[in-house]
Protein chains: 2
Amino acid sequence: MSEHFDDNKLSASLEDYLEAVLAVIIEKKAVRAKDIADRLSVSRSSVTGALQALAAKGYIHYAPYDVISLTDEGEKVAGAILSKHNALTKFFAEMLLIEPELAEETACKMEHSMPEEVIERLTCLYSFVMDSQKDTKEWSTKFSNYCKKQKKA
Amino acid sequence: MSEHFDDNKLSASLEDYLEAVLAVIIEKKAVRAKDIADRLSVSRSSVTGALQALAAKGYIHYAPYDVISLTDEGEKVAGAILSKHNALTKFFAEMLLIEPELAEETACKMEHSMPEEVIERLTCLYSFVMDSQKDTKEWSTKFSNYCKKQKKA
DNA sequence: CAAAAAAGTTAGGGATGACTTATATTATGC
DNA sequence: GCATAATATAAGTCATCCCTAACTTTTTTG
């Protein structure tokens, strides 16, 4: 609503950078370019480039050698990505019983192209199913047994 | 197993081309470059480029002005992509009750990065849930009511 | 507080991928 | 055999992403 000019669309990789900015802020109160470089395994100069791009699109406040922070818009978007990420990871791991590492990895790939609406429904499905269980343990045994049976057939 | 050299990995877009080749073959017995160009809304010359790439990687038989056909490997891979696509579409549409068009569109994006294992579990979840319903109609009303309630809260 | 270390930036490249238009080439139906 | 429809090639655009190397700024610390 606020911005009409659409040069502020984010590529998957820029979304990763933005997500990383928020994640680091959450876990240690402040971000340094180096944290992001380490976390994403890229060079420091790649981080500079990404931060410049994010700033140009209005998602972060950025000036050379200065503190990095999210704009309101940036916080909104980063938050959305992060919560997609978490919702997906949870769904894959707890509902589909995928091993944590693969669940994470898959969530990372999906989070960029999965529409909000689908995530919402996924979350809804999760709680719908879990509501009818005593606990997640119950679901786990029930569903993994079913899967095993299916595999045989 | 058969090939050790990994220059035969496919980008998302090459997967789309390969999938299109199979889809067209299925629906009209033979493929022409033009069919693919129309279906994917790209120029003929983009199609030529993609077909060359697919041939170089061993997924199709291709020689200038000759008939296009899938290699065994190509058929296997294209089939896998197509069935991922179908499984995802079905899951989104029938299980999550996403409108058909969005379901399709989302499946298109996901099919390239969703691991087999996750698709399998998704399919399993689908049948697990459907098994405990009289029909898909029952699920539809049950789940959409639940979603509505969730939205309010 | 000055010098060394660490962090950040800039400049300059290079690879890839996915398209395009414009110009040839081939195939085939009449 | 020739026109035309289908294909192919050439050459180039554009965007994304990343890197190294050299430089500047900031921070740390003896």
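First the proteins, then the strands, lettered A, B, ... as listed; each starts at 1. What you are looking at is a predicted structure, and each value in this text was computed from that prediction instead of being measured.
- As a whole-Å value, the separation of B/L18 CG from C/dA18 C1' is 17 Å.
- Under the 6.0 Å cut-off for aromatic ring centres, A/F91 and A/Y126 do not qualify, their centroids lying 6.0 Å or more apart.
- Atom pair A/L51:CG and C/dA7:C1' shows a separation of 13 Å (rounding to whole Å applied).
- In this structure, CD1 of B/I68 is placed 7 Å from P of D/dT7, rounded to the nearest angstrom.
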Problem set entry | Step-by-step salt bridge (charged side-chain N to carboxylate O under 4.0 Å, His left out) determination, B/E19 to B/K84 | CA-CA 11 Å; B/E19 187 186 3; B/K84 271 191 193 185; over 6 Å; no

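- We find that CG of B/L54 is positioned 13 Å from P of D/dA8, with the value rounded to whole Å.
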For this session: Heavy atoms under 4.0 Å is the rule here; annotate nucleotides 11-25 of chain D 5' to 3' with B where the base is hit, S where only the sugar-phosphate is, and - elsewhere.
Result: ------SSBB---BS

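- For the residue pair A/D66/A/H61, the side-chain donor-acceptor check at 3.5 Å is not satisfied.
- Separating the CD1 atom of A/I36 from the C1' atom of C/dG8 is a distance of 12 Å, rounded to the nearest angstrom.
- Crowding of A/D72 atom CG: a count of heavy atoms from other residues, nucleotides or ligands under 6.0 Å not exceeding 12.
- If you take CD of B/Q52 and P of C/dG17, they are 15 Å apart, rounded to a whole angstrom.
- No salt bridge links B/E104 with B/K109; every basic N to acidic carboxylate O contact stays at or beyond 4.0 Å.
- Listed nucleotides: C/dT9, D/dT7, C/dG8. Nearest to the side chain of A/P64: C/dT9.
- Protein atom NZ of B/K34 is 17 Å distant from nucleotide atom C1' of C/dA27, rounded to whole Å.
- B/S46 and B/S43 are linked by a side-chain donor-acceptor pair at a separation below 3.5 angstrom, with hydrogens and angles left out of the test.
- We find that CZ of A/R32 is positioned 12 Å from P of D/dT26, with the value rounded to whole Å.
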